[in-house]
Every structure is written in C-alpha cells, then in structure tokens.
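First comes the structure, then the notes that go with it.
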Amino acid sequence: MPAPWFEDEIAQSLAPVLPGIGVEVVAEIGSTNTELMRRAREGHNAAVLLVAERQTAGRGRLGRPWQSAQDAREPSSLTFSLGLSLAPRDWSGLSLAVGVSVAESLDPSGAAGLGLKWPNDLWVGERKLGGILIETALFQPDVAERYLVIGIGINIGAREAANLSTPPAWLKEWRPGATPGEVLREIAAPLVRDVLLFSGSGFVPFAARFAARDVLRGREVRLSDGTEGHCEGVGWGGELLVRTAAGVQMISSAEVSVRPRPAPI
Ligand code: BTN
C-alpha cells in the first residue's frame, strides 16, 4: 500500500495558521512551482499547498533541473510548493527564513547536523538534502502584494550522485522509516507560521537561527562570479558577507552561487 499523505491532518494543522488554505496531492505533474505560477498568472491567488508524488520537469535555482530520487516502489522524495499572497515590507532573506523553518522541523536539536548553505540549500555535512526555489508573481504594478510560490524538494530515500553537482544526502540515513507524507506533516504548519512571521517582521527573527546552522560561516568561499574570500556569515537582510581583499562584500544577488573552497592539502 502506498504511504499516506495525511492531507486531512495537514489541512487541519494549517487551518488555524492560515484559514482557507487548501491541500492538494497529485500523482504526477511537471513542476509544482510551474503549476502555481501558471495559476497565479491566470489570476488565482488562493493559498494552497500543492504536493506531487512525481515531478517530470522539476526546476531548481539558476535554471537548473531538479531531479527527484527515483524508486518505483515508493515515493522517495518530498516535492511540494506553498502558494500564498504576501506583502512583506522587504522580501530579502525570505529563502533563508524558509530554510531555517524546514531545518528546525526536520532536525530540531541539530543532532543530525542539518545545516543551511546560503541562500537556500539544506546540507548534511558537504552533501545536499534538499533545496528551495522561491518565485513571485506580481498582480498589479504598484501593489505591494505578490503571489509567493515556495517550492521545496527533499530527498527522503537514497539517491545516486550521478549528474549532481553536490553529492546527495537523504533523510532515511538518520530516520530509516521516514515517508514523504510524514515529513510534510511535520514541516507544513511551522513553515506557514514562519512565512507569516517573516511577512510581519522580516529576516531579523531568523538571523540567529540561520547563524546556528550556517555551513559557510568561517570558511573560505568562491562565488560563481569569481569572487573569493572568507565568509563572515549573513547580514540582517540575509546577504552573504564575504571578506575579500577589497573589504567585506554583501552578496544578495539571486544569480550568484557560492561554494566552500576545499581545504588545502
Ligand atoms: C534548488 O536546490 O535549486 C531548488 C530545488 C527546488 C525543488 C522544488 S521540488 C518542488 C518545487 N517544484 C519545482 O519544480 N521545484 C521545487
């Protein structure tokens, strides 16, 4: 029997946090983010959690594809998107706040070593457990409110490293019985709560929580634009702080990726 998705339980846990939010589970879709962005462009702005057992055209940051772990017998990835209308004063740091929320739900004590790699990767050691893709659709120019789509992909079961730029980690390594539905049930309500907290208060309430899991802080890093330096953590707006020969640079561009530099042998 396929593992349950707990739609009703999840809907009940979300109702007091964000009344009216829907929960939809589909067997297969191109990409949950693409679908919610398509709906938003057609004028649908209802809050929804859209979950897919399989994505055929999953997308990652910087135009990269997102491939789920494959296992014909059971879904071995959690892939979903949360869509809702939001009008925070400042959007900067949102993807970091989302990462904090998910990491704290999956590894509350930090015992599993679940860390956050700026701006939005979930890492265990030097391996990637999951990623976050945030997109927004503007309803009307000059209106602060946007439709926000937060897409999250988490490896639940084992997956091969072939074709991945960062070797994968998976949740079953430390929780052998984990299922995607059970994981979604754990992270959904805290995620919506944290997104609403971000909307009201920005990144500030998440700064120390991010710092506690920041895998780049204190390391030498190399950015995709060629900049190299010493990572000094993130600023109050979620910018990556990199000390270079020219001083501390505040990196906020969504187009930049960063990697820790291997330690010299
Ligand atoms: C990244 O690591 O670059 C971000 C990966 C985000 C993947 C998730 S899976 C659910 C949602 N739908 C998508 O097409 N992408 C996101």
Side-chain angles (χ1 to χ4, degrees), residues 5 10 23-41 47-71 75-84 94-103 105-106 114-137 147-157 159-161 163-171 179-181 183-184 187-188 191-192 195 213 215-216 223-224 238 240 253-260:
W5 280 100
I10 293 171
V23 178
E24 281 179 47
V25 180
V26 297
E28 186 173 291
I29 201 165
S31 149
T32 52
N33 262 48
T34 304
E35 172 62 12
L36 291 191
M37 290 297 285
R38 185 191 66 74
R39 293 183 193 178
R41 279 192 294 270
V48 67
L49 194 70
L50 176 63
V51 190
E53 290 188 351
R54 276 178 310 284
Q55 292 190 130
T56 53
R59 297 185 290 112
R61 272 186 78 230
L62 307 171
R64 296 175 185 141
W66 170 266
Q67 275 147 8
S68 302
Q70 299 296 333
D71 186 328
S76 47
S77 292
L78 172 60
T79 49
F80 72 97
S81 300
L82 167 68
L84 75 168
L94 173 60
S95 68
L96 284 70
V98 169
V100 166
S101 181
V102 175
S105 292
L106 293 179
L114 182 51
L116 293 165
K117 190 201 138 240
W118 186 94
N120 50 9
D121 280 358
L122 296 155
W123 274 25
V124 179
E126 301 291 300
R127 296 178 300 135
K128 178 164 170 169
L129 178 82
I132 297 160
L133 176 65
I134 294 190
E135 299 176 292
T136 59
Y147 193 73
L148 164 68
V149 177
I150 298 173
I152 300 184
I154 298 172
N155 302 325
I156 306 293
R159 59 175 307 172
E160 292 185 6
N163 305 325
L164 297 176
S165 54
T166 308
W170 50 93
L171 199 75
T179 68
V183 172
L184 183 63
I187 65 181
L191 173 63
V192 175
V195 169
R213 293 180 189 259
V215 302
L216 296 179
L223 274 58
S224 50
L240 188 73
S253 168
E255 300 307 316
V256 172
S257 67
V258 58
R259 301 196 74 79

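Quick note: numbers below take in every heavy atom, side chains included, and nothing from hydrogens, waters or symmetry partners. Atoms within each ligand, like the ligands themselves, are counted from 1 in listed order.
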Open item on the list: Please enumerate all residues that pass salt bridge (charged side-chain N to carboxylate O under 4.0 Å, His left out) together with Arg39, with sequence neighbours excluded.
Closed with: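 With neighbours one apart ignored, the set is Glu24, Glu35.
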Open item on the list: Is a donor from one side chain sitting under 3.5 angstrom from an acceptor on the other, for Arg159 and Ser76?
Closed with: no
- [ ] Taking only heavy atoms of the protein into account, state which residues are under 4.0 angstrom from an atom of ligand 1, in chain and number order.
- [x]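 Protein residues near ligand 1 are Ser31, Thr32, Asn33, Gln55, Gly58, Arg59, Gly60, Arg61, Trp66, Thr79, Phe80, Ser81, Asp121, Lys128, Gly131, Ile132, Leu133, Gly151, Ile152, Gly153.
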- [ ] List the atom of Leu216, the atom of Pro260, and the distance in Å for their closest heavy-atom pair.
- [x]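 Closest approach of Leu216 to Pro260, heavy atoms only: CD2-CD, 3.9 Å.
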Open item on the list: If I take atom CD from residue Glu135 and atom CG from residue Leu36, how far apart are they, to the nearest 0.5 angstrom?
Closed with: 9.5 Å
TODO: Could you tell me whether the side chain of Thr79 and the main chain of Ala52 form a donor-acceptor pair under 3.5 Å?
DONE: yes
TODO: Answer yes or no: is there a side-chain heavy-atom contact under 4.5 Å between Val51 and Ile10?
DONE: no
